[in-house]
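What follows is a set of notes on a single structure, which appears directly below.
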Amino acid sequence: MSADAVLARINVMKPWLGEEEALALAEVVASGWVAQGPKVKEFEEKFAAAQQVRHAVAVSSCTTALHLALKVAGIGPGDDVVVPSLSFIATANAVTYVGARPVFCDVDPATGNVTAETLHAALTLDTRAVIVVDQGGVPLDLDPIRQLCNRHEITVIEDAACGVGSTYKGRPIGAGADVAVWSFHPRKILTTGEGGMLTTNRADWAARARTLREHSMSVSAADRHTSTLAPAEVYLEVGFNYRMTDLQAAVGIVQLGRLPEVLDRRRDIAARYVAGLAGLRGLRMVSDPPYGTTNFQSFWVEVLPSFGTTRDGLMERLADAGISARRGIMAAHRQPAYRWQAKGSAGLQHTERLNDRTLILPVFHELDEDGLGRIISTIRAAAVGAGT
Ligand SMILES: *Cc1c(COP(=O)(O)O)cnc(C)c1O
């Protein structure tokens with residue numbers, strides 16, 4: 001067995017969970033109330049305060065939050081919703097759930113995000129909403145997008161699944177959209193196992209999301225439980241069961257408290273990559289845009305032809321060294337589920353280039369100096385002219 005083979009494997013991501021989460025869970029178990037209840041309410045209040053937004057509605061995932069965001073915005077059959085193809089498939093799927101048509105737009109090659117220009121190129125006469133994504137945590141430039149959408153009376157939904165802790169012009173992202181959605185999947189910065197949140201400054205939309213997530217019952221299960229003579233409930237429209245549990249929310253509260261420390265560590269790791277990979281030809285690294293800061297949910301690199309090894313070749317070299325990287329963000333229009341839509345979309349050349357050439361490197365709280373050193377030296381050894 002070679003010396004390399006005994007090195008511990010480095011994952012691309014590992015959630016940071018500890019004793020505090022275990023204690024918080026034990027407390028909920030002991031309370032006997034494990035479904036949506038007081039912990040969900042507390043998590044919502046703390047999350048809204050952290051994001052500087054008026055209302056937060058906890059749900060079972062970011063995908064279900066996207067579905068509810070489109071419902072409260074009144075999007076349905078006959079409507080077009082412009083979305084980036086360069087995103088996790090859930091962004092486009094939510095549009096399909098409500099019977100509307102996703103129309104794909106391209107992204108800015110520097111940030112991987114939608115811009116007012118790429119959105120404008122994809123607008124149709126039936127466009128009633130857009131879903132813009134802070135891809136990999138990199139904040140998008142919302143103000144020009146807001147101006148464009150206000151002019152055309154188009155709702156702006158921000159898919160901030162990866163973006164907790166990122167900032168736009170000095171404030172947390174998400175607050176400037178009509179509605180924003182967040183993910184607590186373990187691949188993201190904070191986790192509740194599975195879970196999501198919808199945030200908005202509109203009281204009417206928050207109220208409708210709260211009832212839709214709970215079968216559109218006129219009285220919540222938690223409220224019925226606390227009154228001895230349970231009032232009869234009325235089902236106002238066809239709703240869903242998209243609730244978060246108090247077990248998940250208790251973990252979320254602890255995780256939210258860890259956010260400043262998690263962000264510091266991720267930004268340190270990113271700085272270490274930037275220093276360690278400096279001077280390599282043909283390797284472009286993700287960075288903060290001029291108007292904001294990223295949480296480095298993903299640290300991605302674009303592998304250009306001048307690097308000497310292809311993106312897939314570099315992935316193999318990393319895998320041989322026990323390092324698990326990931327191909328960059330997917331492109332929905334290239335998937336069988338959406339191939340019907342590929343021809344109807346605006347030019348997607350930047351999307352395709354980023355999809356073909358980017359690679360996501362490991363970033364997680366407990367990634368140590370030994371691991372970082374191994375990743376950096378493996379990449380340096382794969383560069384053109386290495387070892388000469
Ligand atoms: C992860 C992700 C989602 C889906 O989040 P879930 O909580 O797993 O449903 C949606 N949009 C984007 C951009 C994502 O990265």
Side-chain angles (χ1 to χ4, degrees), residues 10 12-13 84-88 104-115 117-118 121 133-141 162 266-267 269-321 323-335 342 345-363 367 371-388:
I10 301 174
V12 71
M13 175 62 166
S85 167
L86 192 81
S87 185
F88 182 58
F104 294 124
C105 70
D106 208 8
V107 292
D108 171 49
T111 60
N113 285 336
V114 162
T115 64
E117 289 73 33
T118 67
V133 183
D134 303 281
Q135 198 49 261
V138 178
L140 58 97
D141 192 4
C162 303
R266 296 186 85 90
R267 291 188 62 86
I269 291 170
R272 184 72 184 81
Y273 274 133
V274 170
L277 300 173
L280 287 184
R281 275 184 55 195
L283 200 72
R284 185 172 71 88
M285 293 177 259
V286 64
S287 60
D288 287 330
Y291 49 78
T293 58
T294 173
N295 58 12
F296 290 107
Q297 188 269 341
S298 287
F299 188 90
W300 55 260
V301 295
E302 181 178 359
V303 185
L304 299 157
S306 55
F307 184 70
T309 302
T310 61
R311 187 272 308 268
D312 288 357
L314 180 55
M315 255 186 88
E316 272 168 41
R317 293 281 287 263
L318 288 163
D320 288 346
I323 300 156
S324 183
R326 288 283 179 278
R327 283 183 191 81
I329 309 302
M330 61 169 293
H333 76 284
R334 286 177 154 178
Q335 294 301 315
S345 303
L348 299 171
Q349 59 273 14
H350 296 311
T351 297
E352 296 193 343
R353 198 180 103 174
L354 290 171
N355 179 235
D356 288 338
R357 291 186 180 175
T358 54
L359 185 72
I360 295 170
L361 299 178
V363 183
L367 180 57
L372 273 165
R374 219 164 98 206
I375 299 163
I376 289 166
S377 59
T378 305
I379 297 171
R380 294 200 74 92
V384 70
T388 59

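In what follows, residues are counted from 1 in the order of the sequence shown.
The pair Asp356-Arg334 counts as a salt bridge, with a side-chain nitrogen and a carboxylate oxygen less than 4.0 angstrom apart.
When side chains are defined from C-beta on, Ile379 does not count as touching Val301, because their heavy atoms never get closer than 4.5 Å. A heavy-atom distance below 4.5 Å is not found between the side chains of Gln135 and Val114.
Just one residue in the list Arg353, Arg327, Arg311 forms a salt bridge (charged side-chain N to carboxylate O under 4.0 Å, His left out) with Glu302, and that residue is Arg353.
Within the 3.5 Å criterion, the main-chain N or O of Ser306 finds no donor-acceptor partner in the side chain of Arg281. When atom types are taken as modelled, the side chain of Asp141 and the backbone of Tyr291 share no donor-acceptor pair closer than 3.5 angstrom.
Looking only at atom types and distance, the side chain of Asp288 has no donor-acceptor partner in the side chain of Thr294 under 3.5 Å away.
How far CE of Met315 is from CD1 of Ile323: 12.0 Å, rounded to the nearest 0.5 Å. How far OG1 of Thr378 is from CZ of Arg380: 12.0 Å, rounded to the nearest 0.5 Å.
Closest of all the heavy-atom pairs between Val107 and His350 is O-CB, 3.3 Å. Annotation for Trp300 and Ile360: closest pair CB-CG1, 4.1 Å, computed over non-hydrogen atoms. Ser85 and Leu348 get closest at one heavy-atom pair: CB-CD1, 4.4 Å. When all heavy atoms of Ala383 and Leu280 are compared, the pair lying nearest together is CB-CD2, 3.8 Å.
Residues that satisfy the side-chain hydrogen bond (donor to acceptor under 3.5 Å, both in side chains) test with Arg272, not counting sequence neighbours, are Glu369.
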Please walk me through it: do Val363 and Tyr273 pass side-chain contact (heavy atoms from CB on, under 4.5 Å)? CA-CA 10 Å; Val363 183; Tyr273 274 133; 4.2 Å; yes
